[in-house]
Amino acid sequence: MPELPEIEVLKGEIKARVVGRQIVTVDVSDPNVINMSPEMFASTLAGKKITGAGRRGKMLLIYLEEGLCLIIHFMLFGRIRLSPEVGEGAQVVLNLDDRRCLFFSQLALGAGVHLHQGEEIDSLPQVTKLGVDALSRELDFEQFTRMISRSKAKIKALLMDQSFISGIGNTYADEILFEAKINPERSGKSLGSEEILAVYRPLKNMLVEAITAGGAGSDDFAHLDGSKGGFIPKVHGLEDKPCLVCGLGIRKTKVGGRGTYYCPQCQNYFRRSG
DNA sequence: CAATCGTCCTGCGGGC
DNA sequence: TGCCCGCAGGACGATT
């Protein structure tokens, strides 16, 4: 499922390949995923030029002429694709002036393509709720330490809490904690300064590396052209596979109701690293 | 078929 | 005692 790096990759692709194009017509075959009548949606978008792209947490922004903005949340399986032909299962199709179309599919569980005025975006409830962006310079080590050490919640739950830090989902939370050698069940409060640094470093670095790699290589993410990213998880989704560091089997549990993968040896709960 | 995913919401209980 | 916070559990919908 698309997290911060995947959205960032899509944002770059929109900027490189779609900005400057004009939307000619719009087809909506699933009105559930938009936030107004299909007629209003289509007539508002028709004739508008695509002017930019952005991101808020795990949401993709597509800016248009006249201050309009599409805000897209992909949730679990949502897809966006740029192609000369509309793919199967397209729910919303933007037909562009170069005969290509930008279309969305597999939007479910409240995922959607919502049209707003650009200046409204940062007042939307789903945006105001977001905590500091994981890649923001504002989230420096001091700030991160303050936030983590104040909380009794489990570190994995904290990393995934979008109102706390935005952009990190289940996959990268597991990968960051594996890299940090910190057990996902440890509370924020229980972490010493070195341990917090051990989480902070991969938090910043891994997200950047994943963007550079073109996002996740998993089946649930694809680029605008359908190709996959190159980021391969070391623990997430790899139950019973040998840990790349110690060779012990990777274990799966639940933390905060989410499937959680970790190495019981490298991420021993009682391990103390300092 | 049932588990799963991310988000939102509700209700419970522990701890300050 | 009262309040806040963490967290479990359910709803949602489609995919594996």
When you compare the side chain of A:E175 with that of A:M206, does any pair of heavy atoms fall below 4.5 Å?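 Yes, their side chains come closer than 4.5 Å.
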So, do A:D133 and A:L4 sit near enough that their side-chain heavy atoms are less than 4.5 Å apart?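 They are in side-chain contact.
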Can you tell me how far [atom2] of [N] sits from [atom1] of [X], to the nearest Å?
| X | N | atom1 | atom2 | value |
| --- | --- | --- | --- | --- |
| A:Y172 | B:dC5 | OH | P | 16 Å |
| A:R56 | B:dG6 | CZ | P | 22 Å |
| A:Y261 | B:dC5 | OH | C1' | 11 Å |
| A:L76 | C:dA11 | CG | P | 17 Å |
| A:N32 | C:dA11 | CG | C1' | 16 Å |
| A:E185 | C:dC7 | CD | P | 9 Å |
| A:M147 | C:dC5 | CE | P | 14 Å |
| A:L109 | B:dA3 | CG | P | 17 Å |

So, using side chain to side chain donor-acceptor pair (under 3.5 Å) as the criterion, who are the partners of A:N170 when residues are at least two apart?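 Residues passing side chain to side chain donor-acceptor pair (under 3.5 Å) with A:N170: A:K156.
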Using a cutoff of under 3.5 Å, can you pull out all pairs of nitrogen or oxygen atoms linking the protein to nucleotides 7-16 of chain B, with atom names and distances?
from: B:dT7; atom 1: OP1; to: A:H73; atom 2: NE2; distance (Å): 3.1
from: B:dT7; atom 1: OP2; to: A:K58; atom 2: NZ; distance (Å): 3.1

Could you walk me through whether A:V92 and A:F103 satisfy the side chain to side chain contact (heavy atoms under 4.5 Å, CB included) test, starting with their C-alpha distance in whole Å, then the side-chain angles of each, then the deciding distance to 0.1 Å, before giving a yes or no? CA-CA 6 Å; A:V92 175; A:F103 63 90; over 6 Å; no
Nearest of B:dG6, C:dT15, C:dG6 to any side-chain atom of A:M1?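 The answer is B:dG6, which lies nearest to the side chain.
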Look at all strands and tell whether [X] reaches a base, only sugar-phosphate, or nothing, counting heavy atoms closer than 4.0 Å.
| X | answer |
| --- | --- |
| A:K252 | sugar-phosphate |
| A:G259 | sugar-phosphate |
| A:D219 | nothing |

Classify the side-chain pair A:N183/A:N268 by whether it contains a donor and acceptor separated by less than 3.5 Å.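 Side-chain D/A pair, A:N183 to A:N268: absent.
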Is any side-chain N or O of A:K254 closer than 4.0 Å to OP1 or OP2 of B:dT4?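 Yes, within the criterion.
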For C:dC5, take OP1 and OP2 only and decide whether either is under 4.0 Å from a side-chain N or O of A:S151.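 No, outside the criterion.
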Report the residue (A:A153 or A:A108) whose heavy-atom-nearest nucleotide on DNA chain C is the more 5′ of the two.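 It is A:A153, whose closest nucleotide lies nearer the 5' terminus.
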Measuring centre to centre across the rings, with the benzene-like ring taken for any Trp, is A:F231 within less than 6.0 Å of A:Y172?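 Yes, the ring centres sit under 6.0 Å apart.
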Give me the atom names and distance for the closest heavy-atom approach of A:Y261 to A:D174.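 For A:Y261 and A:D174, the tightest heavy-atom pair comes out as N-OD2, 3.0 Å.
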